[in-house]
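Counting convention: from 1, in listed order, for ligands and their atoms alike.
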Amino acid sequence: MREIRMPLVAPFETSFGRTSLRRILLVEIDAEGVSGWGECVAGEGPFYSPETVETAWHVLRDFLWPAVRGREFGAASEIDAMLADVRGHNMAKGALEAAVWDAEARQKRLPLWKLLGGERQEIPCGVSIGLKENDDELERQVEKELAAGYQRIKIKIKPGRDVGPVARLRQRFPRIKLMVDANSAYELSDLPLLQELDAYYLMMIEQPLGWDDIWSHAELQRKLKTPICLDECIHSEEHARAAIALGACGIINIKLGRVGGYSAARRIHDLCREKGVPVWCGGMLESGIGRAHNIALSTLANFTLPGDVTASRRYWTEDIIEPEVTVSAQGTIRAPEGPGIGYEPRRERIESLTVRHEELS
Ligand code: SMG
Ligand code: MG
């Protein structure tokens with residue numbers, strides 16, 4: 001395990017706070033001499049979810065690693081069950097599990113996306129734009145992302161920064177795929193305001209209400225025309241099943257870390273496919289390693305909507321993988337042909353960014 005620190009090219013602001021410097025926990029595993037890499041997407045503080053870099057470090061070292069060390073297994077798909085005695089801590093689990101998937105794919109000399117059963121090599125990409133000082137700045141940023149080719153625009157909203165910016169963008173860009181993400185900044189009592197957003201034919205409203213409150217989203221969805229997309233609320237297949245059965249959402253954002261790895265992500269993906277609920281891959285300001293895993297996940301068949309998976313340069317002056325992730329002029333990323341995640345971790349650069357390191361055996 002190691003922690004690296006990377007400054008973002010620009011601060012990223014959501015309804016719960018602002019990030020300028022990422023602390024990123026990376027996991028490298030050695031599987032019979034083959035390295036596999038995973039990234040823990042826990043934040044610096046417990047504001048998106050309860051996990052942090054510190055809790056993940058502790059749980060990985062003291063509970064998850066002891067659950068797998070020295071145990072023989074035939075495939076990365078077995079790891080999920082081996083970690084099941086630990087409740088929660090999905091981001092810590094996801095980092096370890098993803099590293100094992102990378103190693104298995106490298107051992108088999110297969111691209112990870114093919115090992116996972118991915119069906120599309122070209123994935124559609126959107127961008128997530130943080131809260132801006134004013135509407136002019138927001139509009140300029142949207143212009144820039146559209147010019148780069150991105151297929152849909154998501155903006156962050158919070159009380160006081162919602163209908164105004166959305167109305168302004170809709171007037172300026174009547175035809176783009178537009179959506180908003182509130183990161184749980186509203187309550188059911190904000191219904192009239194959220195209903196005002198229905199006028200702007202948004203693709204979806206992401207996570208307007210409480211981070212673990214599926215029931216209130218069902219209440220809200222009954223009164224909104226715009227589909228709700230759940231992010232923070234969905235931690236497992238069981239949550240997804242409940243949310244769909246209650247009518248709490250029409251769309252689900254899947255993040256590897258939030259659900260605890262590929263096995264859980266695939267279960268949610270398969271359930272949503274069966275229920276006719278489209279999914280897309282979320283982002284967590286990842287370095288190239290997490291970004292590469294998101295690309296692999298996005299190749300599964302029901303990832304039909306553009307995800308928050310974007311070029312390295314949108315966040316980093318220099319990424320930690322070779323080559324960097326790039327996006328085509330059509331706003332797509334091509335899943336790589338190389339083994340494993342298909343991008344090589346740049347060891348020297350990773351070493352130079354490392355602030356702590358612990359080897360477990
Ligand atoms: O990686 O492009 C990215 C960020 C996408 O908006 C994004 N993520 O709620 O979906 C979300 C947020 C969570 C992270 S904010 C620090
Ligand atoms: Mg979100």
Inset, instruction - May I ask you to say whether Arg313 pairs ionically with Glu324, meaning some side-chain N is under 4.0 Å from a carboxylate O? - result: no

Legend entry - Of the listed options Phe12, Tyr48, Tyr315, Phe47, closest to atom 3 (C) of ligand 1 (non-hydrogen atoms): Tyr315

Inset, instruction - Give the atom name of whichever N/O/S atom in Glu206 sits closest to the Mg ion (ligand 2). - result: OE2

Inset, instruction - State plainly whether the residues Glu219 and Lys223 are in salt-bridge range, i.e. N to O under 4.0 Å. - result: yes

Legend entry - Taking atom 6 (O) of ligand 1 as the reference point, the nearest protein heavy atom with its distance: Ser128 OG, 2.6 Å

Legend entry - Shortest-distance N/O/S atom, Asp181 versus the Mg ion (ligand 2): OD2

Legend entry - Lys225/Glu196 ion pair, N-O < 4.0 Å: no

Inset, instruction - Indicate whether the side chain of Arg2 and that of Thr354 have a donor and an acceptor atom separated by less than 3.5 Å. - result: yes

Legend entry - Arg61: partners by salt bridge (Lys or Arg N to Asp or Glu O under 4.0 Å), with sequence neighbours left out: Glu358

Legend entry - Contact atoms of ligand 1, heavy-atom distance to Glu206 under 4.0 Å: 10 (O)

Inset, instruction - Flag Asp181 as yes when one of its N or O atoms lies below 3.5 Å from any N or O atom of ligand 1, and as no otherwise. - result: yes

Legend entry - Protein contact of atom 12 (C) of ligand 1 - nearest heavy atom, named by residue and atom, plus distance: Lys156 NZ, 3.2 Å

Legend entry - Salt bridge Glu44-Arg23, side-chain N to carboxylate O under 4.0 Å: no

Inset, instruction - Kindly confirm or rule out an N or O of Thr14 lying under 3.5 angstrom from an N or O of ligand 1. - result: no

Inset, instruction - Consider every N or O of Asn183 and every N or O of ligand 1, then say whether any pair is closer than 3.5 Å. - result: yes

Inset, instruction - Considering only NZ, NE, NH1 and NH2 on the basic side and carboxylate oxygens on the acidic side, decide whether Glu139 and Arg168 come within less than 4.0 Å. - result: yes

Legend entry - Ionic contact status for Lys93 with Asp80, cut-off 4.0 Å: no

Legend entry - Proximity of Gln207 to ligand 1 by residue part, where a heavy atom lies under 4.0 Å: neither

Legend entry - Under-4.0 Å salt bridge between Asp308 and Arg314: no

Inset, instruction - Could you tell me whether some N/O pair between Lys154 and ligand 1 is separated by less than 3.5 angstrom? - result: yes

Legend entry - Heteroatom proximity flag, Leu285 to ligand 1, N/O under 3.5 Å: yes

Inset, instruction - Quick one: look up the protein heavy atom nearest atom 14 (C) of ligand 1 and list residue, atom name and how far away it is. - result: Met284 SD, 3.8 Å

Inset, instruction - For Asp231, counting its heavy atoms only, list the atoms of ligand 1 lying under 4.0 Å from any of them. - result: 9 (O), 10 (O), 11 (C)

Legend entry - Nearest non-hydrogen partners of Ile244 and Cys272, listed with the distance: CD1-SG, 4.0 Å

Inset, instruction - Write the atom name of the N, O or S atom in Asp231 that is nearest the Mg ion (ligand 2). - result: OD2

Legend entry - Residue portion contacting ligand 1 (non-hydrogen atoms closer than 4.0 Å) for Lys255: side chain

Legend entry - Minimum-distance pair of heavy atoms, taken over all atoms of Arg106 and Gly340: CG-CA, 3.7 Å

Legend entry - Minimum-distance protein heavy atom relative to atom 8 (N) of ligand 1: Gly283 O, 3.0 Å

Legend entry - Polar contact flag for Arg314 and ligand 1 (N/O pairs, less than 3.5 Å): no

